Amino acid sequence: MINIAIFASGTGTNFSALLDKIQSSELNINVVCLVCDHPDALVVQRAKDANIPVWAHEMKEFENKHYYETAIAQYLTSLKVDLLVLAGYMKIVSDVLLTAYPGKIINIHPAMLPKFPGRHGIEDAFAAGVSSTGVTVHYVDSGVDSGPIIAQQAVEILPSDDIDTLATRIHDVEHVLYFDSLCKVIERDFNR
Ligand code: GRF
């Protein structure tokens, strides 16, 4: 059994899509917890509704990011977590977690990296007037959306698109690509 922790900060549509696919698959993946930096986020309720344990604390409850991540790492160790799956987690992961889980943290980004990294991948691509953007799943390193790429899928930007229609199509791609990429990572990195 591979134990994964999902990290998210907001709405949690990727959290729900992953959980649904994992729970209806034959794969030996166990979603052991949600880690969230905003206790009031919608994703926390989604996890509670699904009976997934939640660790939800603001960073300001801790002296600094080091202590915040140390508390997370201790919680993950107690649950024997193997892989961290960031799904809309809006904090930059730093030393404590990168050292505790080397090569074992993955993220999804709503653009074709290395194009349009950062918080506003969808808006930035739309504003740039490019004809296509996409979704990237990648390993997390100490940079911003800069780790080795696991999978990418392009999404065309149509002349009729506004931000909302584009975002909807990107999210639809995310909800499939993240599960497929997770399967690939588990097969390749955990020999399952
Ligand atoms: C997704 O677009 C993801 O790529 C980005 O944050 C968004 C999270 O959406 N990192 P949701 O909370 O999963 O609905």
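Order of listing sets the numbers, starting from 1, for every ligand and every atom in it. All values reported here derive from a predicted model rather than from experimental measurement.
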### Query
Out of curiosity, Asn30 CG to Ile2 CD1, how far, rounded to the nearest 0.5 Å?
10.5 Å

Return the closest protein heavy atom for [atom] as residue, atom name and distance.
atom	result
atom 10 (N) of ligand 1	Ile108 O, 3.2 Å
atom 9 (O) of ligand 1	Asn14 ND2, 3.8 Å
atom 8 (C) of ligand 1	Gly88 CA, 3.6 Å

With a cut-off of 4.0 Å, which atoms of ligand 1 are near a heavy atom of [X]?
X	result
Pro110	2 (O), 4 (O), 5 (C)
Thr11	12 (O), 14 (O)
His171	1 (C), 2 (O)
Glu174	1 (C), 2 (O), 3 (C), 4 (O)

### Query
Can you find a side-chain donor-acceptor pair between Glu156 and Ser131 that sits under 3.5 Å?
no

### Query
Are Phe62 and Tyr67 near enough that their ring centres are under 6.0 Å apart?
no

### Query
Can Lys65 and Asp95 be counted as an ion pair, charged N to O under 4.0 angstrom?
no

### Task
Could I get the full list of salt bridge (charged side-chain N to carboxylate O under 4.0 Å, His left out) partners for Arg46, not counting sequence neighbours?
none

Looking only at N/O atoms, are [X] and ligand 1 under 3.5 Å apart anywhere?
X	answer
Asn107	no
Gly12	yes
Ala87	no

### Message
Listing request: all ring-ring contact (aromatic ring centres under 6.0 Å, His included) pairs with a residue in residues 104-142, at least two apart in sequence or in separate chains.
### Response
none

### Backbone N/O of Leu42 and side chain of Gln45: donor-acceptor pair under 3.5 Å
no

### Message
I'd like to know if the side chain of Ser181 reaches the main chain of Ala151, judged simply by a donor and an acceptor atom lying under 3.5 Å from each other, with no hydrogens or angles considered.
### Response
no

### Message
Between ligand 1 and Ala8, can you find any atom pair, the residue atom being a heavy atom, that is separated by under 4.0 Å?
### Response
no

